[in-house]
Protein chains: 2
Amino acid sequence: MTDGARIRVALADDQELMRQALGIMLEDPPDLELVAQAADGAELLERLRAHRADVVVMDVRMPRMDGIEATRRVRAEHPGTRVLVLTTFDLDEVVFAAIRAGASGFLTKDASAEELAAAIRAVHAGDATLAPRATASLIDFVARAPTAADAETLLAALTARERDVLAELVVGASNDEIAERLYLTGNTVKTHVKAILAKLGLPDRVHVVIWAYEHGLVVR
Amino acid sequence: MTDGARIRVALADDQELMRQALGIMLEDPPDLELVAQAADGAELLERLRAHRADVVVMDVRMPRMDGIEATRRVRAEHPGTRVLVLTTFDLDEVVFAAIRAGASGFLTKDASAEELAAAIRAVHAGDATLAPRATASLIDFVARAPTAADAETLLAALTARERDVLAELVVGASNDEIAERLYLTGNTVKTHVKAILAKLGLPDRVHVVIWAYEHGLVVR
DNA sequence: GCGCGCCTCACCCGATCGGGTGAGATGCGA
DNA sequence: TCGCATCTCACCCGATCGGGTGAGGCGCGC
């Protein structure tokens, strides 16, 4: 479906039984191929050096090196290898930590063979799969993130030049720096800054920065 | 599984054929009950007043009132009703817009009856389901968001009192305001501020605010 | 007991900032 | 053509800020 070749899968789980169960799950699908197994993160990294994998199915809780750290290392050493994290419970902290470490997917261990295979294929295709509860957390996170749209009404009150100055203010430029960058005199900059503060109803440039971040004007 | 009673589902899609197809998909599962149908957002809102629904399965593209706006209204008028958004393509903008409007889930129209039912159950249970591509977008978004952990090394260099002052700086407090809130003299505050600037290697309080936001110290 | 880090406060100084006021040039639309 | 908004710049003033230096009190560990 993706590129003709079989998807090379590596397993990392400290429980022998779980590895066996996962291995069996991966036997049927003809497009999947189990190329490596490991009982912890350190072992996994070692195995991956000999057997490149497209997707690593990784348990979070493992001795020596846990799944989060292992995910980070895998992503650093093998940028092309995607990581699908497996856990017993889909706790928020673990999900976020795994995502930040570079995981592409997240599945609970009660997933069926079909779900696992589908998740591996999705992750390999550059998509992603998350356990329902984890998905809910992410959605909540995204929904909370503000949009630039919220500030647009106030922003519309500013003139073009004032918006230029605002952009400089937001990155922490002093009046002199703004003057230099926009080819203006310090006096002119001050005029614009004063206008901005008045129009936005803010007391000083510090609050302009806060306002900008709070309203999502800054992307980070 | 959730509360014994059947999950009341409402459908909103302008394509008659699609509504029929979805309706048929919902016939089999014994825990789902189709209580209302609508061809656009406005009609949906009207129907929901008579027939409360637990989950609304909503198309994005509809005449009169699109799915995004309809989602917003539904969430405003019926906070207990969850929205599962359906589209033909899982475009990023639509996903984010829908999430911001309050949608709990996101599915492409090529989903199977089982996937649809599972998604409805997940959404009703307070969880969520996303199309794989959409999930990937969200994960990317979350992964990009910085963590407080990034700043912890620098933050560790600050003394307890300096962290108190830092917290005030970040919300835009002037030295006098900080002094008042922390029961200090202006001179003491200045001492702390100077120490903070020196330790963080920043030129002024404006950059402290920027630094805090960039490192995710502020939650928003 | 002595040193060391922390918290507290003080004074001085120069730089920067924000507020107030005014004004010339330009361009756009009524 | 006559406003009107915008952009530009100027000067003044008081407030605030950041840097430098010093110092007393307190608690903790060596």
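Just the heavy atoms: all of them, side chains too, but no hydrogens, waters or symmetry mates, feed the values below. Treat the numbers as computed from the prediction; the structure is a model and nothing was measured. Protein chains get the first letters and strands the later ones, always in sequence-line order, with residue 1 at the start of each.
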Reported CD-to-CD1 distance for the pair A:E115 and A:I120, which is rounded to 0.5 angstrom: 12.0 Å
Distance, rounded to the nearest Å, where B:L182 contributes CG and C:dC7 contributes C1': 12 Å
Base of D:dG18 paired with side chain of B:K190 (donor-acceptor, under 3.5 Å): yes
Sugar-phosphate only, base, or nothing, as touched by A:T159 at under 4.0 Å among non-hydrogen atoms: sugar-phosphate
Residue-phosphate contact under 4.0 Å: A:N175 side-chain N/O, C:dT16 OP1/OP2: no
Upstream residue (5' side of DNA chain C) when A:D176 and A:L202 are each assigned their closest nucleotide: A:D176
Closest listed nucleotide, where the reference is the side chain of B:L184 and the choices are C:dT8, D:dC9, C:dG20: C:dT8
Difference in axis direction between the ends of the helix from C:dG1-D:dC30 to C:dA30-D:dT1, five pairs, 10°: 30°
Between C:dT16 (P) and A:L169 (CG): distance, integer Å: 16 Å
Any donor-acceptor N or O pair under 3.5 Å, side chains A:T191, A:T188: no
A:R75 (side chain) donor-acceptor with A:A103 (main chain) under 3.5 angstrom: no
Sugar-phosphate, base or nothing in reach of A:A160, heavy atoms under 4.0 Å: sugar-phosphate
A:R47 side chain to A:Q37 backbone, donor-acceptor under 3.5 Å: yes
Contact under 4.0 Å: B:N187 side-chain N or O vs C:dC9 OP1/OP2: no
A:T185 (side chain) and D:dC9 (base): donor-acceptor pair under 3.5 Å: no
For atom CD of A:E162 and atom C1' of D:dT6, their distance in whole Å: 9 Å
Short side-chain N/O contact from A:H192 to OP1 or OP2 of D:dC7, under 4.0 Å: no
Rounded distance (Å) that lies between atom C1' of C:dC9 and atom OH of B:Y183: 19 Å
Nearest-Å distance for atom pair CZ/P, residues B:R161 and C:dG5: 21 Å
Flag, side chain of A:E43 to backbone of A:A39, donor-acceptor distance under 3.5 Å: yes
Of the listed nucleotides D:dG19, C:dT8, C:dG18, the one nearest the side chain of B:L197: D:dG19
Check: B:L158 main-chain N/O paired with B:R163 side-chain donor or acceptor under 3.5 Å: yes
Interatomic distance, B:I178 CD1 vs C:dC7 P [rounded to whole Å]: 15 Å
B:D204 CG - C:dT16 P separation (whole Å): 11 Å
B:I210 versus A:V170, closest heavy-atom pair with distance: CD1-O, 3.2 Å
Sugar-phosphate, base or nothing in reach of A:T191, heavy atoms under 4.0 Å: base
Length of the CD1-P vector between A:I196 and C:dG18, whole Å: 11 Å
C:dT8 OP1/OP2 closer than 4.0 Å to side-chain N/O of B:T188: no
Nearest to side-chain heavy atoms of A:K194, which nucleotide of D:dG20, C:dT16, C:dG18: C:dG18
Straight-line distance of B:M65 CE to B:R72 CZ, nearest 0.5 Å: 10.5 Å
